[in-house]
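Here the structure is laid out as C-alpha cells; the discussion comes afterwards.
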Amino acid sequence: MRLSRYFLPVLKETPSEAQIVSHRLMLRAGMIKQAAAGIYSWLPLGFKVLRKLENIVHEEQTRAGHIAIQMPILQSADLWRESGRYDDYGQEMLRMQDRHGRDMLYTPTAEELVTDIFRGHVSSYKDLPLTLYQIQWKFRDEIRPRFGVMRGREFYMKDGYNFDLTKEDALHAYNRHLVSYLRTYERMGLQAIPMRADSGPIGGDNTHEFLVLADTGESEVFYDSDVVNLSLANVGNGLDSLNYDSHEDMQAIANFFTSTYARTDETHDPKIFESQVPEERRRVARGIEVGQIFYFGTKYSEAMGATVQGPDGKPVPVHMGSHGIGVSRLIGAIIEASHDDKGIIWPEGVTPFHCGIVNLKQGDEEADAACDKLYSALTALGLEPLYDDRKERAGGKFATMDLIGLPWRITVGPRGLKNGVVELTCRRTGESEELSPEAAVTKIAEIYEGIA
RNA sequence: CGGGGCGUGGCGCAGUCUGGUAGCGCACCUGUUUUGGGUACAGGGGGUCGUAGGUUCGAAUCCUGCCGCCCCGACCA
C-alpha cells in the first residue's frame, strides 16, 4: 500500500477522552474512531489488525477441529426465557422490541442459540464430539464503558461451544480449548496466562481466564513467577506435534500450564498461595483478561432439551462448555503489552503491514525507483509493505512509522543509494543495519517465514 | 447508578467569573524555502460556540430544561 493512497488519519495530539496508552495510541494511529460511548468505528489500520487476529483465531480453531458458524447479532427473547436467563441477565443485556412488539435482544453470548441449533439437528451420540464457534459482534451495555476497545460496549468476540456425550469428553474439549488458546495467543506475540477464575453468570465449576500481564489490567492477579516461563515451545515435541485428539496429551499440557499457582482476585486463596509458592516467587500484579473457558455440564442442555441417544438407545443431555476470546479487546491488550513512548510496536504475527518503506527524498529519481523496486520485490514474495511516498520530511515519515508500529522499516535515501545500501531498522530495538536492497528484502522474507 | 468534570473549526485549548457578535497552536490549501528524526516565512479556507427555551438593546458568556462525552466508585469479556 502506498501511504498517499491510503486512509490513515494519524493525530499529533492525543484526544482528551483517552486515558490509557492503548486507547491513546489507537486514536492517534488512526485505527478507531468513537461513534458513541463504548462503540467504535474501525478505520483501515485498526480493521486490518482486527482481521489479522480473527484469521489467527480461525486458523487455530480449525486446527483444533472446531467448526465455524455465524449466528445473528439480534436474538429473540424466547430462547432466553427457555433457559431462564432472560430475567437473570441484568441491565448489561440490551433489550428492544421489533415493530410487532416482540422482545428482542442484542447478543451478549449465544449458548441458547447454539443449543437450539444443536437440538434441532443432532440426535445421536455418533455425531459427537462437536464444537461450533463463531466470531461475531457482541453487545454488553456496560454501565461505564472505558479504556477504548478494552472495555467497550460493542466488542468482537470468538465464542465456541462444545457438545459431548460424557463429562470426561467435555473436559477433554475444555483442555483442547485451553491448548488452542495458548497457541493463538503465542502467535499474536502475547503471553496469556491461564488462571483459575470465577464462572460468573454463565455458571459451572471448571473455568480458567487467560490474562495478559499489564499495569492497566482490570484484574488483580496472584501468581508464582515460574508461570511466566511456561511456553508451548517446551511442551512435548513442540508446537507442530500437538495431537488435539489425544485426551492424554491435552490433559498433560493443561496440567503443565495450570498446576503452577496463578489466580485472579476472585479465586485467590492467600493460604494456598503462601504455602505453595516460595516467598521470592510470589507476585501480585494486574492483568487484562483476553479469554475464558468454561465447562458447565448439562445446565443448558437440560433446560433446553438438547439430548442425544446414547449407544443404549436412551436419551441423555449433552455435556457442554463455552469458550471465548475477546478479539477486539486483544488489540488493546497487545498494545498495552507492546509499545514505547513513540507509539505501537506490533508483533510480527499481527502487524497490519509487514514492513514500512520510507523514501527520504520523494521525487528523487533514484530514490523513487529504489523504493518502487523494493515494493515490488516484497509484494512478489507475498508480503505487504506500507510505502510512505508522501512529500513529507524525513522526521514526519519516521514519526508516523514509529506511531503505527510496523516492526520493520526500510529507509531509502540518496545518500545510502550512492553506496548501494538502504537501512533496515527494527522498531522494537531501534537497531539499524545498512545492506543492499536485495539483502534487505531477503532478510524481511526470512523474518516472516512461517508467520505471514 | 452515587460523586466530580467537560461540550467553542478535524485534534488540543483560551475566551465564560466581569454580556458588546470568536481567538491561539496543530492539521488542511497556495507559494517560497528547507530536506537523513515533526524546517522557516508569507498568504488562505473552515466554527448556527452540544441543543431547546428564557433574561437582555445585545448571549459562547447569565438562568432553566434536555442531550452527549470523560474521570472516580460500585459493576463487568
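Letters A, B, ... are given to chains in the order of the sequence lines, protein chains preceding strands, and every chain is numbered from 1. Just the heavy atoms: all of them, side chains too, but no hydrogens, waters or symmetry mates, feed the values below.
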Scan A:Arg409 against the nucleic acid and name what it touches under 4.0 Å (heavy atoms): base, sugar-phosphate only, or nothing.
-> base
Scan every strand shown for a Watson-Crick or G-U wobble partner of B:G65, both distances under 3.5 Å, and answer none if you come up empty.
-> B:U51
Could you say whether A:Pro145 or A:Thr400 is positioned toward the 5' end of RNA chain B, judged by the nucleotide with the nearest heavy atom to each?
-> A:Thr400
Base B:C76 to side chain A:Arg151, donor-acceptor N/O within 3.5 Å cut-off | yes
Pick base, sugar-phosphate or nothing for A:Ala18, based on heavy-atom distances below 4.0 Å to the nucleic acid.
-> nothing
With A:Tyr181, which of A:Lys158, A:His323, A:His208 fulfils side chain to side chain donor-acceptor pair (under 3.5 Å)?
-> A:Lys158
Counting only Watson-Crick or G-U wobble pairs whose two distances fall under 3.5 Å, which nucleotide matches B:U32?
-> B:A40
Any strand, both distances under 3.5 Å, Watson-Crick or G-U wobble: B:A74 pairs with none
Do A:Arg146 and B:C69 share a donor-acceptor pair, side chain to base, under 3.5 Å?
-> no
Can you tell me which residue pairs pass the side chain to side chain donor-acceptor pair (under 3.5 Å) test with a partner in residues 24-34 of chain A, sequence neighbours excluded?
-> A:Gln34-A:Tyr40
Just call it for A:Gln34: base, sugar-phosphate, or nothing, with non-hydrogen atoms closer than 4.0 Å on any strand.
-> sugar-phosphate
Taking the P atom of each, how far is B:A42 from B:C26, in whole Å?
-> 12 Å
As its Watson-Crick or G-U partner within any shown strand, both distances under 3.5 Å, B:C24 has B:G12
Using the C1' atoms only, state how far B:C69 lies from B:A27, rounded to an integer number of Å.
-> 23 Å
By nearest-heavy-atom nucleotide on RNA chain B, the more 5' of A:Leu403 and A:Met157 is A:Leu403
Rounded C1' spacing from B:A74 to B:U64 in Å | 31 Å
Using a cut-off of 4.0 Å on non-hydrogen atoms, how would the nucleic acid contact of A:Gly152 be classed: base, sugar-phosphate, or nothing?
-> base
What is the per-nucleotide protein-contact pattern of nucleotides 29-36 of chain B, from the 5' end, where B denotes a base atom under 4.0 Å from a protein heavy atom, S denotes such proximity for sugar-phosphate atoms only, and - denotes neither?
-> -----BSB
Rounded to whole angstrom units, what separation is found between the CZ atom of A:Phe147 and the C1' atom of B:C71?
-> 10 Å
Can you tell me how far P in B:G50 sits from the matching atom in B:G15, rounded to whole Å?
-> 15 Å
N/O (side chain, A:Lys12) to phosphate O (OP1/OP2, B:C26) under 4.0 Å = no
Just checking A:Ala37: base, sugar-phosphate only, or nothing, at a heavy-atom cut-off of under 4.0 Å?
-> sugar-phosphate
When the C1' atoms of B:G25 and B:U8 are considered, how many whole Å apart are they?
-> 15 Å
Partner set under side chain to side chain donor-acceptor pair (under 3.5 Å) for A:Thr131, not counting sequence neighbours = A:Arg176
Between A:His66 and A:Tyr133, ring centroids under 6.0 Å | no
N/O donor-acceptor pairs under 3.5 Å from side chains in residues 13-23 of chain A, not counting sequence neighbours:
{"residue": "A:Ser22", "atom": "OG", "partner": "A:Glu336", "partner atom": "OE2", "Å": "2.7"}
{"residue": "A:His23", "atom": "ND1", "partner": "A:Gly148", "partner atom": "N", "Å": "3.4"}

May I have the list of side-chain donor-acceptor pairs in residues 392-401 of chain A shorter than 3.5 Å, sequence neighbours left out?
{"residue": "A:Lys397", "atom": "NZ", "partner": "A:Asn359", "partner atom": "O", "Å": "2.7"}
{"residue": "A:Lys397", "atom": "NZ", "partner": "A:Gln362", "partner atom": "OE1", "Å": "3.1"}
{"residue": "A:Lys397", "atom": "NZ", "partner": "A:Asp388", "partner atom": "O", "Å": "3.1"}
{"residue": "A:Lys397", "atom": "NZ", "partner": "A:Arg390", "partner atom": "O", "Å": "2.8"}
{"residue": "A:Thr400", "atom": "OG1", "partner": "A:Arg390", "partner atom": "NH2", "Å": "3.4"}
{"residue": "A:Thr400", "atom": "OG1", "partner": "A:Gly396", "partner atom": "O", "Å": "3.0"}

Name the pairing partner of B:G45, where a pair is Watson-Crick or G-U wobble with both distances under 3.5 Å, or state none.
-> none
Just to confirm, is there a sub-4.0 Å distance from OP1 or OP2 of B:C1 to any side-chain nitrogen or oxygen of A:Arg144?
-> no
Hey, does A:Thr184 have a side-chain heavy atom less than 4.5 Å from the side chain of A:Met188?
-> yes
Does A:Glu142 pair with A:Arg151 as a salt bridge, N-O distance under 4.0 Å?
-> yes
Ring centroid separation for A:Tyr174 and A:Tyr295, is it under 6.0 angstrom?
-> no
A:His177 ring center near A:Phe294 ring center (under 6.0 Å) | no
Write out a two-atom table: protein N or O, nucleotide N or O from nucleotides 6-12 of chain B, distance below 3.5 Å.
{"residue": "B:C11", "atom": "O2", "partner": "A:Glu13", "partner atom": "OE1", "Å": "3.4"}
{"residue": "B:G12", "atom": "OP1", "partner": "A:Ser16", "partner atom": "N", "Å": "2.8"}
{"residue": "B:G12", "atom": "OP1", "partner": "A:Ser16", "partner atom": "OG", "Å": "3.4"}

